[in-house]
Structures are given as structure tokens and as C-alpha cells.
2 protein chains.
Amino acid sequence: MVTIKDVARLSGVSIKTVSRVVNNLAEISPETRKKVQQAILELGYQPNTTARNLVNGQTNTVGVIIPHSADYIFTHPFFTQVLQGIAEELSANNFNLLLHLAHDKAPYASLYSQRKVDGLILMSIPIGDPNLQGLEENGVPCVCTCRISETNNSTSWVDADFAGGVEQAIEHLISLRHRRIALLAGPMSLVSVRLRALGYRNALQKHGLPAADGYILEGDFTSESGHALAAKAMKDPNPPSALICGDDMMAFGAMQALKELGYGVPEDVSVIGFDDISLARFSSPPLTTIRQDTYEKGRKAAETLLAFMRDKQNATPRQIMLETSLITRNSTASAKN
Amino acid sequence: MVTIKDVARLSGVSIKTVSRVVNNLAEISPETRKKVQQAILELGYQPNTTARNLVNGQTNTVGVIIPHSADYIFTHPFFTQVLQGIAEELSANNFNLLLHLAHDKAPYASLYSQRKVDGLILMSIPIGDPNLQGLEENGVPCVCTCRISETNNSTSWVDADFAGGVEQAIEHLISLRHRRIALLAGPMSLVSVRLRALGYRNALQKHGLPAADGYILEGDFTSESGHALAAKAMKDPNPPSALICGDDMMAFGAMQALKELGYGVPEDVSVIGFDDISLARFSSPPLTTIRQDTYEKGRKAAETLLAFMRDKQNATPRQIMLETSLITRNSTASAKN
DNA sequence: ACGTTTACTGACAACGTTGTCATTAAATTA
DNA sequence: TAATTTAATGACAACGTTGTCAGTAAACGT
């Protein structure tokens with residue numbers, strides 16, 4: 001390995017002078033600079049990041065934490081886009097991205113205390129995760145891409161307005177004269193899912209419609225689960241005429257189940273998804289869905305974290321809610337009767 | 001920050017002894033060990049990874065390189081599953097995963113020469129990438145998740161048998177009496193795409209069918225591109241009765257286009273995808289597709305790389321081809337005439 | 001001509017850990 | 001009893017870089 005010493009020897013200066021050239025510090029005479037640069041080129045010298053990190057006391061690395069329990073997260077286009085937003089923002093700021101699968105043997109808190117990273121971005125942390133509290137107490141810079149409780153405001157997060165999104169969807173359905181609307185929700189252990197249910201209840205109440213609890217079904221964000229829940233919903237003696245799904249994957253599964261049961265979409269049943277993943281345009285029928293800007297979610301989370309790490313003293317929790325918008329396609333139509 | 005010195009002071013031993021306890025080295029008297037462990041617990045000491053890496057001359061980190069040019073890669077379920085395979089294998093071996101977006105300002109070769117990683121996994125590297133050659137010359141341990149040329153065998157890779165996969169698909173279509181089969185391919189700059197075309201030509205030739213070059217259309221792995229190419233293919237004066245798509249996303253787009261043009265799938269036109277992403281089961285109709293085990297691809301790539309890094313001396317390139325299998329669903333049926 | 005500033009450079013310590021080697025005391029052997 | 005092995009521990013250098021501070025020579029001011 002070529003070190004700064006080798007460069008110093010070849011160019012006949014001290015290691016400190018080489019360091020100055022490499023880091024563009026202070027005044028260096030043009031001849032010296034040239035000489036050193038020449039040697040660097042000749043030897044192909046590259047500074048050793050580890051050594052730098054040790055003296056600088058930082059790593060220029062951000063850890064992105066994925067809860068290992070949530071297996072579906074990897075098959076979910078939503079996840080990848082958030083990750084892309086994070087990755088590009090970090091890359092633009094010359095930060096490294098350490099992708100970490102959280103599980104019991106590798107708790108994510110140690111990433112910081114072992115100085116592998118300077119800060120953390122937490123993806124999809126379930127409610128009441130005990131690790132999280134420890135982070136805050138130790139002043140670890142961190143940002144969540146999801147709310148971690150309905151009330152907590154000591155943690156920074158960037159998240160979509162799930163309640164508002166579902167309300168938009170229900171307004172749309174009601175304008176199409178639907179009155180029996182079911183919610184095929186994700187796992188209730190996630191705040192985002194609870195907020196969707198909240199929006200659902202609020203909107204129905206606003207229009208004097210009963211929010212029958214049997215109309216809220218709990219699943220897990222996979223197509224399989226959407227498929228199963230739709231079938232279950234339609235078995236109701238008074239089956240819904242519209243389904244709002246926790247995400248687009250569930251919506252695809254739901255539409256498939258409806259077809260298998262002989263229901264036309266949207267003639268018999270309207271279906272609305274959540275996310276607007278790229279495939280939503282290409283399902284049959286193309287899916288009406290509540291769009292959230294997942295890329296921006298990731299980008300903003302990274303941006304927020306970078307700001308924190310730059311100014312750890314004045315860091316106060318920041319909470320950013322991103323607007324959703326309803327994308328109307330062909331999976332929704334007027335109610336039959 | 002709590003350092004090994006603090007632990008040494010509190011427990012009244014030398015730093016070296018603390019180090020021995022932490023790393024479970026040599027013989028330490030039970031009393032000393034207990035004393036030190038007590039101090040570690042009391043202070044909440046965690047070893048500093050950067051300092052360790054510096055003296056050990058390694059990072060226990062693997063870089064996963066994503067070509068930034070390939071924007072579609074992030075929206076592609078395929079990518080995430082390979083990544084999951086890599087992530088889990090690395091995690092199981094206590095290695096860190098550094099996710100790196102390759103672009104001009106951040107060439108991936110420097111990740112190794114700057115000692116940020118001990119080895120590299122290259123995702124979806126285009127043919128003739130100049131960085132790659134440099135890696136090999138410098139003895140950087142690296143494995144590709146795709147072949148980087150038809151002939152090169154100095155690089156290690158793990159990849160699916162694309163040619164064989166397409167041949168399986170064509171056998172299936174021919175058994176359904178299809179004779180006009182088009183290939184909606186991905187970008188020809190990728191070897192995997194060229195191999196699919198090779199399989200296509202071979203299989204047709206084997207059955208004495210003409211491999212009309214107009215029947216191979218080049219796209220880019222997105223649904224949009226599948227949509228556009230299908231429309232184009234059907235404009236042929238002698239339109240195909242079956243479409244083999246470069247991946248499932250393209251197949252979804254293609255099916256949508258066919259429906260818009262009034263063709264029934266599979267009554268009028270059969271469609272076959274590639275990958276078998278989780279959604280393939282839930283399209284309408286459910287998609288017949290060539291399955292590749294993307295998770296295993298990632299896992300094996302990581303496994304191979306880990307083996308290399310353990311034994312850099314005897315490292316010879318290893319090339320692993322994974323079998324594909326045809327999953328028959330409802331998007332294929334007998335040819336009409 | 002002499003003091004003072006300025007521009008440039010280098011010696012050395014430090015970051016937190018592990019490796020090498022020496023040291024001590026106890027245990028074993030002759 | 002003396003010599004030798006063994007077990008347990010510590011002093012110090014090293015990893016490759018940056019920060020601190022001091023040093024030298026030239027340029028400037030009076």
C-alpha cells in the first residue's frame with residue numbers, strides 16, 4: 001500500500017507538506033506543490049480513509065437501518081425508492097451509505113457507539129422499538145422515514161400524510177356515490193397504518209357514514225395479503241362496493257381476487273391503492289391510487305440527517321409531512337346502485 | 001467517548017489487558033477478567049471500529065456498486081432481491097455493506113484503494129466498463145452479479161442462464177403451436193440481454209423457424225418500454241402471436257398495450273415474462289414467466305466474494321450459472337390458427 | 001542596518017486500537 | 001535448593017493520517 005510517507009520520501013518533503021497538498025491547505029509554494037502532485041501521480045497514492053477517520057473522529061458514513069423482521073420490505077418497490085432518495089442525497093454530499101439489517105445479534109445502536117457511522121436513518125421502525133429510546137438518550141443523530149408513534153415528537157421523521165391521503169380517496173369514492181367502503185390495511189403495528197385507519201374513520205364520519213369496524217381488515221402489504229383480504233371482505237353479508245388498500249401491491253392482489261370471484265373492476269367494485277408505484281399505470285385496469293413521493297421521502301430524510309450532523313449542538317427534532325395526491329385511473333367508477 | 005484507556009484506568013490494568021479481555025485472547029486470570037468486564041459494563045465501553053480497522057489493515061466491509069446511469073435499477077424488484085441476498089449473507093458473516101452509487105465523480109475503484117472496503121460486488125455493470133479492468137490489475141477482490149462480456153473469464157460472476165431460460169420459453173410456445181414469436185428485449189449493452197437474444201435465435205433455429213430480425217426489439221426493462229415495444233411489434237404486417245419479454249415489468253406493460261389495442265391475452269397473443277417477481281402471480285392474467293432465483297444470485301455473489309477475501313492468494317475467478325425454470329400461468333395459450 | 005512581518009516547511013504528538021517483546025511471580029523440575 | 005518452565009501482565013511501537021507549534025529564510029518597514 002502506498003502511504004503518505006512514500007510520497008514524502010519520493011518528493012523530498014515532510015509528510016505534513018504532502019498532507020497539505022492533498023487537502024489543499026495553507027500556502028504552499030508552487031514548486032513544492034507541483035513536485036508533490038507529481039509524486040502522488042507517479043505512485044498512485046490515495047489517502048487511507050480509515051486513518052483519516054481515526055484522527056478526524058468521524059466516518060462520513062450514514063447507517064440505513066432495515067428491520068429484519070419486515071421481510072416484505074425488500075420485495076417492496078416503495079422501499080427501493082426511499083433508498084434511492086437517501087442514496088442520491090448522501091452521494092451528492094460525499095457521504096457513504098452503510099446498509100444494515102437489524103436483528104438481535106446486530107442491534108443498530110452499536111453502529112454509532114462503535115463509530116461505524118456518524119448518524120442513522122431508520123426505515124420502517126415498529127412502534128415501541130426499545131433501541132430507539134437509547135439512541136436519543138445518547139444523542140445519536142437519527143431520522144426516521146416513518147413516524148414511530150402518534151404522539152412522539154422528540155424524534156425526527158419524514159413521512160407522508162397518510163390520514164389525509166385516505167381522506168382524499170374517500171372523498172373521491174363518495175363523489176362516485178359509494179357508501180360501503182372497506183379498508184384493506186397493513187399491519188397495525190405501524191403508525192402509518194393506524195393513521196390510514198384514522199383518516200378512514202374521520203372521512204366517513206364527516207359524511208355521516210357509519211365506519212363499520214368489520215370494514216377494516218388487517219394484512220401485511222403483500223399482494224398475497226391483498227388477495228386474501230379482498231376475498232374476505234366480499235364474504236360480508238353486506239359487501240363493500242369499494243376497497244381502499246394499504247398499498248398498491250395489496251391492490252393488485254385484491255383486484256385479482258375480485259376477478260376470480262366474478263366481480264368486475266371497476267363495474268362492480270372500485271379499488272384504490274396507495275403509493276403509485278410505477279406498475280400502477282400498467283395493471284388492468286390501471287390503478288387509481290394515492291400517490292406519495294417516496295423518492296422525496298428518502299431524500300429529505302437524508303438531507304435532514306446531514307443538517308443534524310453538521311450542527312449537533314443546535315439540533316432540534318424536525319418533523320416533515322409530505323403531501324399525497326390522488327391519481328385517478330380506471331379502477332374506480334360510480335357505484336352501481 | 002469511552003476508550004480502552006478509560007476501562008484500563010478504572011479496572012487498574014494495562015490497556016493491553018483490556019484488549020485481551022475484549023478479544024478473548026490468551027490466558028487471563030479469572031479475577032482480572034471479571035474486573036475488566038465489570039469496568040466495561042460500568043462505562044458502557046464499545047471498541048472503536050476505526051482504530052481497529054487501522055491496525056488490522058481491513059474494514060470488514062463490502063462495497064455494492066450500482067451504476068448510476070441505470071436509473072431503472074432502483075424501481076426494479078429484481079434489484080432489491082439481489083440486494084437482499086447480498087445483505088443477508090454479509091450480515092450472517094458480520095460484514096458491513098456499503099452501498100455505492102457509481103458515477104464519474106465517485107468512481108468505484110477508489111473505494112478499495114482508499115480502504116473503505118475490502119472487496120466489491122458489482123451490480124449490472126455494462127459491457128466494457130473501463131473501471132473493471134483496473135480492478136483486476138490491482139487485485140481487488142470483486143464479483144459481478146452479471147456477466148460482463150460473452151467471453152471474459154478473468155472476472156468472477158454469478159448469473160442466471162438467460163439463453164437457456166429463453167429456450168425453455170420458446171419450447172413452451174412451440175408446444176402451443178406458436179410460430180411467430182417476438183422478443184421484447186432489454187438494452188443490448190448488457191450481456192444478459194444479448195444472451196437472451198442468443199437463446200432466442202438458437203431455439204428458433206433448432207425448430208427450423210426463421211428468426212426474423214424484425215422480431216427482436218430493443219427496450220430498457222421498464223413497463224413503459226414493454227408497452228411501447230408491444231404496440232410496435234403488433235404493427236408488423238405479419239404480427240407475432242407470442243411475445244417473450246426481457247423481464248416481468250416489460251411483460252406487464254406489453255399486456256396493457258395489447259389490451260388497449262384490442263388483443264386478448266392469451267386468446268390472441270401469448271406473453272411470457274422473465275424473473276418471476278412477486279407480482280407476476282397477480283397480474284391479469286397471471287403471468288407465465290421464466291423464473292430466476294435473484295435472492296440466491298445475491299447470496300452466492302456475496303458468498304463467493306467472502307471466500308476470495310479470506311484467501312486472497314489462491315483466489316481464482318469463479319463463475320456460477322444459476323438455472324432458470326419456466327413458471328406456467330395464464331398469459332400463454334395455444335396459438336389460434 | 002536592524003527589527004518585524006510574512007511565507008513556507010518540518011518535527012512531533014495525537015487519534016484508539018493491536019502486535020511484539022520483556023518482565024514478573026508462581027509453579028515445576030532436577 | 002537452584003534452575004527452568006509457565007502463566008499473567010505491561011511498556012512501547014505501530015497502523016496512516018491530521019493538528020500544534022516551532023523554525024527558517026526572505027521580504028518588508030523604519
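Throughout, protein chains are lettered first and strands after them, A, B, ... in sequence-line order, and every chain is numbered starting at 1.
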Rounded to whole angstrom units, what separation is found between the CZ atom of B:Arg20 and the P atom of D:dG10? 8 Å

Decide yes or no on salt bridge (charged side-chain N to carboxylate O under 4.0 Å, His left out) for B:Arg299 and B:Glu296, but give the supporting numbers first. CA-CA 5 Å; B:Arg299 232 210 78 252; B:Glu296 185 63 11; 2.7 Å; yes

Would you say B:Asn53 places a side-chain N or O within less than 4.0 Å of OP1 or OP2 belonging to C:dT17? no

Side chain to side chain, B:Ile320 and B:Asp159, heavy atoms closer than 4.5 Å: no

Within the distance-only criterion (no hydrogens, no angle test), does the side chain of B:Ser29 pair as donor or acceptor with the backbone N or O of B:Thr32 below 3.5 angstrom? yes

Minimum-distance nucleotide (side-chain atoms of A:Val55 versus D:dT18, C:dT18, C:dA11): D:dT18

With side chain to side chain donor-acceptor pair (under 3.5 Å) as the criterion, how do B:Asp118 and B:Thr59 come out once you've worked through the C-alpha distance, each side chain's angles and the decisive distance to 0.1 Å? CA-CA 6 Å; B:Asp118 297 337; B:Thr59 60; 2.8 Å; yes

Counting heavy atoms from C-beta on, name the nucleotide in C:dT17, C:dG19, D:dT17 closest to the side chain of B:Tyr45. C:dT17

Distance (rounded to the nearest 0.5 Å) between A:Leu98 CG and A:Leu120 CG: 9.5 Å

For the side chain of A:Thr32, counting heavy atoms from C-beta on, which of D:dT18, D:dG10, C:dT9 is nearest? C:dT9

What is the distance from CG of B:Asn56 to C1' of D:dA14, rounded to the nearest Å? 12 Å

Can you tell me how far C1' of D:dG16 sits from CD of A:Gln46, to the nearest Å? 14 Å

For D:dA11, does either OP1 or OP2 sit under 4.0 Å from a side-chain N or O belonging to B:Ser14? no

Given atom CD of A:Glu31 and atom P of C:dA7, what is their separation to the nearest angstrom? 15 Å

Using heavy-atom distances to pick each residue's nearest nucleotide on DNA chain C, tell me which of A:Pro30 and A:Ile15 is more 5'. A:Pro30

Counting only side-chain nitrogens and oxygens, does A:Thr50 get under 4.0 Å of the OP1 or OP2 atom of D:dT17? no

A:Glu303/A:Lys300 salt bridge by N-O under 4.0 Å criterion: no

If you check every side-chain atom of A:Asn23, which of D:dT17, C:dG16, D:dT18 has the closest atom? D:dT18

Output the rounded distance in Å from NZ (A:Lys5) to P (C:dC12). 13 Å

Take atom CD of A:Gln58 and atom C1' of D:dT17, then tell me their distance rounded to the nearest Å. 13 Å

With a 4.0 Å limit, can you tell me whether B:Ser29 has a side-chain N or O closer than that to the phosphate oxygens OP1/OP2 of D:dA8? no

Nucleotide D:dC15, atom C1' - distance to CG of A:Asn48 in whole Å: 8 Å

If you assign A:Val2 and B:Lys16 each to the DNA chain D nucleotide with the nearest heavy atom, which residue ends up on the more 5' nucleotide? B:Lys16

In whole Å, what is the span from the CZ atom of A:Arg52 to the P atom of D:dG19? 10 Å

Identify whether any heavy atom of A:Leu54 sits under 4.0 Å from a base atom; if not, whether one sits that close to sugar-phosphate; answer base, sugar-phosphate or nothing. base

Among C:dT18, C:dT17, D:dT17, the one nearest any side-chain atom of B:Thr3 is C:dT17

Any side-chain N or O of B:Thr17 below 4.0 angstrom from OP1/OP2 of D:dG10? yes

